[in-house]
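Quick notes on the structure that follows.
Reminder, nothing fancy here: chain letters follow the sequence lines and each chain counts from 1. No experiment lies behind these values; they were computed from the predicted model shown.
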2 protein chains.
Amino acid sequence: MAERCGVSIDTLRYYEREGLLQNVARAESGHRRYSEDDVLWVEVLRCLRETGMSIEQLRHYCQLGAQGNHTAAERREMLTSHRTLVEAQIVERQLALKLIDHKLSYYPNPQDQENK
Amino acid sequence: MAERCGVSIDTLRYYEREGLLQNVARAESGHRRYSEDDVLWVEVLRCLRETGMSIEQLRHYCQLGAQGNHTAAERREMLTSHRTLVEAQIVERQLALKLIDHKLSYYPNPQDQENK
DNA sequence: GGTTGACCTGAAGCGCACTCCAGGTTGTTG
DNA sequence: CAACAACCTGGAGTGCGCTTCAGGTCAACC
């Protein structure tokens with residue numbers, strides 16, 4: 001039961017249904033047998049999901065992967081444009097930290113001040 | 001029409017209904033008259049929302065603000081714990097960049113390679 | 001061999017954060 | 001003053017990403 005890559009069992013099956021997790025091996029019983037590669041791939045999925053790539057986009061990426069090497073350029077393009085997005089998120093969050101710190105400066109430790 | 005703080009008019013009204021935006025002035029006609037402070041506050045809201053603070057939490061924060069100075073300690077606490085969260089998001093995204101770069105290293109510019 | 005727990009499926013449901021709609025009032029422009 | 005845009009309200013609807021459910025199969029320990 002390989003959900004110790006940090007997602008629920010339901011999420012795993014959901015990803016599989018959506019095509020983000022292909023060719024999961026099965027025992028003759030029908031039970032899934034996740035491989036080491038599956039674990040690594042789920043980590044990639046998580047990482048991309050957590051940084052805001054949609055299920056839809058991930059599905060597209062996986063479909064491209066399944067179609068073979070001639071789609072490499074498009075996949076590369078997806079990754080680079082997502083990379084740009086993640087960089088923007090970092091900048092955004094650094095600004096957020098600044099703003100939070102600014103607001104915190106109005107709350108001297110256990111004293112107070114009005115500022116909504 | 002103050003949605004040039006980057007959110008839709010519906011979102012603005014939604015925030016108002018949810019109590020994130022209090023005491024919005026009205027003309028006698030009933031039309032809203034957003035103040036300069038409202039614009040600033042919406043920027044704060046956006047910043048906190050975009051970094052993952054929920055509507056529910058923001059509502060709580062606003063309620064505290066409306067209750068006066070004796071809630072300052074709790075508000076401060078909310079901000080500091082959100083700050084920690086944002087810092088974690090930055091770290092997470094920096095790791096994501098690494099992972100993306102690693103995957104990109106398998107896609108030499110317009111060539112290709114199998115790696116799913 | 002029975003019962004307890006982990007797994008299976010397809011389909012329905014949920015929570016969040018908006019977003020849209022219907023039906024109406026206001027304000028402004030030619 | 002007509003007509004068109006911009007605003008108002010309450011309530012319903014939407015989309016996404018899971019999550020739960022019902023109804024069953026499998027495994028394995030006592």
Nearest whole angstrom, please: distance from the [atom2] of [N] to the [atom1] of [X].
| X | N | atom1 | atom2 | result |
| --- | --- | --- | --- | --- |
| B/Glu18 | C/dC18 | CD | P | 10 Å |
| B/Leu45 | C/dA17 | CG | P | 13 Å |
| B/Ile55 | C/dT19 | CD1 | P | 11 Å |
| A/Leu12 | D/dC18 | CG | C1' | 13 Å |
| B/Ile9 | D/dT9 | CD1 | C1' | 12 Å |
| B/Glu50 | C/dC18 | CD | C1' | 14 Å |
| B/Leu21 | C/dC18 | CG | C1' | 15 Å |
| B/Leu48 | C/dA17 | CG | P | 13 Å |

Taking only N and O in the side chain of [X], is any of them less than 4.0 Å away from OP1 or OP2 of [N]?
| X | N | value |
| --- | --- | --- |
| B/Arg26 | C/dT26 | no |
| B/Arg49 | C/dA17 | yes |
| A/Ser29 | C/dC7 | no |
| A/Arg32 | C/dT9 | yes |
| B/Tyr15 | C/dC18 | yes |

Heavy-atom nearest nucleotide on DNA chain C for B/Gly30 versus B/Thr11: which residue maps closer to 5'? B/Thr11
If you pin B/Asp10 and B/Glu56 to their nearest nucleotides in DNA chain C, which one's is more 5'?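 This one resolves to B/Glu56.
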Examine A/Leu79 and A/Val44 and state if one hydrophobic cluster contains both, with Ile, Leu, Val, Met, Phe, Trp and Tyr joined whenever side-chain heavy atoms are less than 4.5 Å apart. yes
How many angstroms lie between SG in B/Cys62 and CD in B/Gln67, if you round to the nearest 0.5 Å? 11.5 Å
A/Leu45 CG to A/Leu40 CG distance, which is reported to the nearest 0.5 Å: 11.0 Å
What I'd like to find out is whether the side chain of A/Leu99 reaches to under 4.5 Å of the side chain of A/Lys103, using heavy atoms alone.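 A/Leu99 reaches A/Lys103 side chain to side chain.
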The side chain of B/Tyr14 lies closest to which of these nucleotides: D/dG17, C/dG27, C/dA17?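 Closest of the options to the side chain of B/Tyr14: C/dA17.
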From the options D/dT19, C/dC7, D/dG17, select the nucleotide whose nearest atom is closest to the side chain of A/Arg17.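 Nearest nucleotide to the side chain: D/dT19.
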Name the nucleic acid region contacted by A/Arg33, choosing base, sugar-phosphate or nothing; use a 4.0 angstrom heavy-atom cut-off, strictly under.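 Counting heavy atoms under 4.0 Å across all strands, no contact is made by A/Arg33.
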Qualifying residue, where the test is side chain to side chain donor-acceptor pair (under 3.5 Å) with B/Gln89 and the options are A/Gln89, A/Arg93, A/Glu50: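 Only one option passes, and that is A/Arg93.
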